[in-house]
There are 2 protein chains.
Amino acid sequence: MTVKLSDIAQEAGVSVMTVSNVMNGKSARVSKATIERVQSIADRLGYVPNMPARSLAASRSRIIAALVPVGENNSLLLSPHTVAVIGGVEQHLRHRGYHVLLRGIEHETDIPDAIRGWSLDGAILVEFPDAVIDRIRIDQVPLVALDSYSANPRTIGVRTDDHRGGWLAGARLTDAGHRHIIFARPPYEGMGVVGQRWEGFRSACAAADASVRIETEQVHTTFEAGREFGLRLRRDHPEATAVFATADVMAVGIMAGIAEAGGRVPDDISVIGFDNLDISAYTSPGLTTVAQDMPAKVAEAARIILDEIERDEGPRAPVSLGVALVERGSVAAPRPA
Amino acid sequence: MTVKLSDIAQEAGVSVMTVSNVMNGKSARVSKATIERVQSIADRLGYVPNMPARSLAASRSRIIAALVPVGENNSLLLSPHTVAVIGGVEQHLRHRGYHVLLRGIEHETDIPDAIRGWSLDGAILVEFPDAVIDRIRIDQVPLVALDSYSANPRTIGVRTDDHRGGWLAGARLTDAGHRHIIFARPPYEGMGVVGQRWEGFRSACAAADASVRIETEQVHTTFEAGREFGLRLRRDHPEATAVFATADVMAVGIMAGIAEAGGRVPDDISVIGFDNLDISAYTSPGLTTVAQDMPAKVAEAARIILDEIERDEGPRAPVSLGVALVERGSVAAPRPA
DNA sequence: GTGAAAGCGCTAACAC
DNA sequence: GTGTTAGCGCTTTCAC
């Protein structure tokens with residue numbers, strides 16, 4: 001059978017409680033000599049704590065869930081961006097002794113059950129629409145909502161400074177001289193992220209020149225949807241000279257569509273994206289884009305949730321992380337009229 | 001407090017065991033009337049099973065781990081391909097009532113502890129080198145090794161038919177007339193996957209024409225490494241007319257490097273990849289590549305592990321899934337000599 | 001600094 | 001068909 005605390009206790013001639021205290025690093029309660037003796041026996045026997053038993057007794061599991069919405073095809077909506085976040089968070093949590101339960105959410109009503117059933121210590125809600133976050137009613141368990149602008153006090157938002165990102169894009173294009181720009185954004189978006197980018201973008205354009213004309217197009221956040229838009233761009237918006245797309249996948253698709261229709265980027269049309277995904281370096285020209293500070297985002301999410309769990313700190317303010325413009329060549333001066 | 005079995009039992013006027021049987025669908029042991037009564041009370045009270053308690057008592061957790069090697073930077077090695085696998089597996093397992101624990105593995109010695117600690121019902125080992133899989137010594141717990149050719153009888157390999165995939169690539173290039181081809185593969189590869197692709201590729205070339213010349217280049221599986229190779233391709237291999245890269249990311253990088261160095265794909269050099277990632281459709285020309293049947297791979301991995309858990313079937317044979325060539329325009333006849 | 005008692009919520013095994 | 005008994009391996013609480 002597997003080694004348990006009582007096996008070690010017997011061999012060391014101490015009580016189970018003492019062994020438990022040693023294993024949990026409660027060194028204040030045990031003498032140094034005992035600690036070493038117990039530790040060495042545990043190592044020799046190859047003791048591995050039984051997590052379910054620990055969770056049951058302590059009603060905390062050292063598990064943090066990564067909850068991700070599932071799409072229409074019922075599989076996880078894992079964008080490259082989401083993946084980087086989850087992978088990074090797992091690393092931070094693992095080093096602090098926590099585990100990550102990856103769970104797709106079909107109906108938002110599954111969220112509370114998922115959390116209660118496992119006595120989760122916390123959860124990271126990845127890219128849910130703000131409206132869903134708004135409706136969450138769970139106390140006691142720290143909840144970090146990534147990329148959310150929900151005002152729900154039970155959740156802590158961690159996101160990029162999308163407003164400033166939008167502003168950078170707008171400033172870059174207007175500085176280059178563009179006065180007729182397409183804002184390409186996903187349809188049916190209940191997420192504050194896009195709204196923030198829009199506000200920032202619009203202010204930058206307005207600040208540059210009151211006469212800047214912006215047209216909004218609804219384009220899904222996929223390469224294919226972007227490509228289709230790129231194909232009809234010149235026909236539908238003959239006077240536009242630049243596009244700001246709210247996501248790199250879409251922007252890369254738009255560039256492909258433009259090229260396929262015989263246009264040139266950036267000579268005929270400038271394109272600017274958002275996210276700074278790997279793929280934005282794969283195109284030619286490379287995609288000029290607004291970079292999110294992913295490592296910081298991940299570290300913040302992990303730090304906040306661990307602080308809440310271990311220090312039981314009070315409600316925290318949401319966090320917005322820095323952005324930066326990355327030049328790669330898809331933006332130039334507008335073509336002569 | 002939270003609702004537990006005894007609350008329901010009391011309200012329904014039955015024993016805890018009866019409620020437990022109802023909640024676990026052991027309908028053979030309970031009368032229909034009781035089932036309905038208990039069920040409705042449970043629903044009304046909002047009962048959620050306590051998983052740690054269940055795991056402790058039953059010594060099975062309904063958790064399956066997805067174990068992933070961590071890289072030098074200590075974060076999860078999540079290639080787009082890996083991500084698709086994990087996301088798909090999660091979906092299958094969730095629908096069968098299981099949960100996925102995502103865990104990065106720094107040292108291979110962590111694998112047994114991870115499994116024992118949580119009373120895991122099974123584990124999926126994602127893209128570990130064959131040598132690591134070979135050394136695993138865990139009984140009782142079903143282990144699926146993705147993309148492994150290890151002969152370890154304690155694990156079940158699920159992978160693509162890499163040999164045939166390599167063969168398809170070789171046949172496509174030689175059929176087009178190429179007689180001097182570069183095989184670009186990752187260095188220090190302890191994985192059978194690459195070896196299989198190589199064998200298949202070589203046989204196809206040999207079958208086509210004994211005079212086909214193959215040169216092997218070691219290139220990391222990244223866009224950047226591919227690009228660097230593409231840049232020096234013409235200088236280092238002036239007579240080569242085609243490249244077979246063992247991964248799409250690398251192939252896309254190679255295409256970018258070739259273009260940057262002033263070459264044209266496919267007019268000067270043909271390129272063929274492996275994986276059929278999304279990005280292989282983003283380039284122009286698109287990347288001709290060997291497609292893996294991802295949905296089948298995922299479904300097989302999930303099916304095998306669940307079968308082993310629930311039906312406790314004996315040792316199973318490894319599974320290889322189909323491949324298909326996807327034409328996108330990066331292969332043409334060799335340039336005139 | 002150490003230990004004894006009690007119990008976390010559930011299920012396996014068997015009795016009725 | 002339903003109930004009883006026992007215990008999974010650990011932590012909490014409180015006594016010494």
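Just the heavy atoms: all of them, side chains too, but no hydrogens, waters or symmetry mates, feed the values below. Residue numbering restarts at 1 for every chain, and letters A, B, ... go by the order of the sequence lines.
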- Query: Contact class for A:S31 vs. all strands (heavy atom < 4.0 Å): base, sugar-phosphate, or nothing?
  - Reply: sugar-phosphate

- Query: Just checking B:T34: base, sugar-phosphate only, or nothing, at a heavy-atom cut-off of under 4.0 Å?
  - Reply: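 Counting heavy atoms under 4.0 Å across all strands, the contact made by B:T34 is with sugar-phosphate only.
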
- Message: If the condition is salt bridge (charged side-chain N to carboxylate O under 4.0 Å, His left out), which residues does B:D139 pass it with, not counting sequence neighbours?
- Response: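 Partners of B:D139 under the salt bridge (charged side-chain N to carboxylate O under 4.0 Å, His left out) test: B:R154.
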
- Message: Tell me every residue that passes salt bridge (charged side-chain N to carboxylate O under 4.0 Å, His left out) with A:R60, counting only those two or more places apart in sequence or in another chain.
- Response: A:D121

- Task: Using a 4.0 Å heavy-atom cut-off, write out nucleotides 11-16 of chain D from 5' to 3' as B (base contacted by protein), S (sugar-phosphate only) or - (no contact).
- Result: BB-B--

Write down the distance between [atom1] ([X]) and [atom2] ([N]), rounded to a whole number of angstrom.
X      : N      : atom1 : atom2 : answer
B:L56  : C:dC10 : CG    : P     : 12 Å
B:W118 : D:dG9  : CH2   : C1'   : 14 Å
A:R37  : C:dT2  : CZ    : C1'   : 12 Å
B:D7   : C:dC10 : CG    : C1'   : 13 Å

- Task: Answer with yes or no whether the side chains of B:D130 and B:S150 bring together a donor and an acceptor at under 3.5 Å.
- Result: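 No - no donor-acceptor pair under 3.5 Å links their side chains.
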
- Query: Can you tell me if A:D162 and A:Y149 form a side-chain donor-acceptor pair at under 3.5 Å?
  - Reply: yes

- So, B:E106 and A:R94, do they make that salt bridge, N to O below 4.0 Å?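 Judged by the 4.0 Å cut-off on N to carboxylate O distance, B:E106 and A:R94 do form a salt bridge.
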
- Message: D:dG3, OP1 or OP2 - any side-chain N/O from B:T18 closer than 4.0 Å?
- Response: yes

- So B:K297 and B:E300, salt bridge (charged side-chain N to carboxylate O under 4.0 Å, His left out) or not? Walk me through it. CA-CA 5 Å; B:K297 195 166 173 178; B:E300 271 303 302; over 6 Å; no

